[in-house]
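Quick note: residue numbers are just sequence positions, from 1. Just so you know, ligand 1 is whichever comes first in the structure, and atom 1 is the first atom listed for that ligand.
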Amino acid sequence: MMKTIIEPFRIKSVEPIYFTTAEERIKNLENAHYNMFRLHAKDILIDLLTDSGTSAMSSQQWAGIMQGDESYAGSPSFFLFENTIKKITGLPYIIPTHQGRGAEKIIFTVLGGEGKIFLSNTLFDTTRANIEFSGATGIDLLCKEGTQPTIPAPFKGNIDLQALEKTILEKGAENIPLVILTITNNSGGGQPVSMENIKATQQICQHYKIPMFIDACRFAENAYFIKLREKGYAEKSIPEIVREMFSYADGCTMSAKKDAFANIGGFLAIKDDALAMQCRNLLIITEGFTTYGGLAGRDLEAIAIGLEEVMDENYLQYRIQSTSYLTNKLADAGIPVILPSGGHAVYIDAKQFLPHIPVSQFPGQALACAIYKTGGIRSVEIGSLMFGKYDEQQQPIPANMELVRLAIPRRVYTQSHIDYVAEVLLEVNERKNEIQGLKIMEEAPLLRHFTAKLQPVVA
Ligand SMILES: *Cc1c(COP(=O)(O)O)cnc(C)c1O
């Protein structure tokens, strides 16, 4: 096999990216109050804020957009969507939603509520928010390896099986409506879950008569990691591995903005007919009729096509190699990153990278600003700006980790863009002692990272 990573596609339609000077970027940061979410996309050269809804669609998907049938009920685009998901997952009841959290809102409204407890390897923020909004509680039971950023292990997204059984016994199986495996584990660095772990989770769940669901946003990336890293799967095809993963599940939620290459959309897939009926009844109130669920016919068409395309091994090889290429390049330069690299993003440990900036001065945000200033690249802080809280005395409680995430949109940037990103990071590394901490000038009571205004701390 050749070493050069090549994109498994050629480009038919292009859009410009936006060049700025260093002076302009300094001004832009000031105007954006040092908050990445306040920057204008037109002032960004390479946008690694998120991999959600930012994929490039294929010519096939665009053709599907034109073929989308906009009938209110019974659109052929829905039946294509339904049949594709049935075939991929083996699950019988398919419910379209406007995006992942639409599916979450429905399932947790039906199953959640006061006193209910949901267990997971790690709940994604919108999943946890929907659980808590229903009055229920969410508990994360990530395996030990998953909590150690720089120590490599093949399946750092696994759930801790002992902790799972212990928690079921402690809390009572009757209070636990679902166990949810997030595949791959987005909040834990995009790390995969092994087939062995999925299967063992299902066995424990079956023993205690608790259904198991999969948060399937990155199911194809997870399947590829299983093929690469787990004994017995090297010769299996991705659709076979995917089918086995879902065979252990009683249902799934999915955001089509991730591994379906779509710019919007999602779904719920369910095994139990009574549960599916309850969900459909809610769907009609909140999202739309059962054959479109908050989406246009053309979206259903694009998602159905994307779900097939994402299982192409040439694509997955390029995707995973390109992420690990960037991760390894940074690691080789001595930049502390989460190892091994996950599927969709590179995570830098800003606390370790900038030891001269105390946690109270947001080293992750300071690093994100430095990366933008140096090369026009947008990343996102996942640390105390995003997850920090205050105690009763209004003293700040920091987050567990101070990370900066570089999320890679699917099929959007070329290998030379990735080389450029590495070059910028190496330049930031050279001059990291000049990076200053930040302080908050203005913040909202909830989800403050989206709107907060900050300023450099003057030494
Ligand atoms: C993005 C995401 C969601 C929510 O999906 P949206 O389409 O953004 O509502 C849920 N779980 C995981 C793991 C995700 O990455």
Those atoms of ligand 1 less than 4.0 Å from some heavy atom in E104: 10 (C), 11 (N)
Under 3.5 Å: N/O of R218 near N/O of ligand 1: yes
Non-hydrogen side-chain atoms of L49 and F37 separated by less than 4.5 Å: yes
Atom pairs and distances, side-chain donor-acceptor, residues 272-284, under 3.5 Å, sequence neighbours left out:
residue	atom	partner	partner atom	Å
D272	OD2	A274	N	3.3
D272	OD2	L275	N	2.9
N281	ND2	M277	O	3.4

Proximal ligand 1 atoms for S255, defined as those under 4.0 Å from one of its heavy atoms: 5 (O), 6 (P), 7 (O)
Closest protein heavy atom (residue, atom, distance) for atom 6 (P) of ligand 1: Q99 NE2, 3.4 Å
No-hydrogen, no-angle side-chain donor-acceptor test under 3.5 Å, Y233 and E240: no
Proximal ligand 1 atoms for G100, defined as those under 4.0 Å from one of its heavy atoms: 5 (O), 6 (P), 7 (O), 9 (O)
Atom 1 (C) of ligand 1 [closest protein heavy-atom partner, distance rounded to 0.1 Å]: K258 NZ, 1.5 Å
Atom indices of ligand 1 within 4.0 angstrom of T182 heavy atoms, with elements: 13 (C)
Which of the ligand 1 atoms, numbered from 1, are nearer than 4.0 Å to a heavy atom of R101: 5 (O), 6 (P), 8 (O), 9 (O)
Tabulate below the donor-acceptor pairs under 3.5 Å that side-chain atoms of residues 336-351 make, not counting sequence neighbours, or state none.
residue	atom	partner	partner atom	Å
H344	NE2	N186	OD1	3.1
Y347	OH	N186	O	3.1
D349	OD1	K351	N	3.2
D349	OD1	Q352	N	3.4

Sub-4.0 Å heavy-atom approach of G266 to ligand 1: no
Atom indices of ligand 1 within 4.0 angstrom of T126 heavy atoms, with elements: 3 (C), 4 (C), 10 (C)
Between S77 and Q67, a side-chain donor and acceptor under 3.5 Å: no
Structural part of K257 in contact with ligand 1, heavy atom criterion under 4.0 angstrom: side chain
Heavy-atom nearest neighbour of atom 13 (C) of ligand 1 within options I183, D259, D215: D215
Donor-acceptor side-chain pairing of S58 and E309 below 3.5 angstrom: yes
CD/Q148: more than 12 non-hydrogen atoms of other groups inside 6.0 Å: yes
Distance under 6.0 Å and angle within 45° of ring axis: R411 vs F9: no
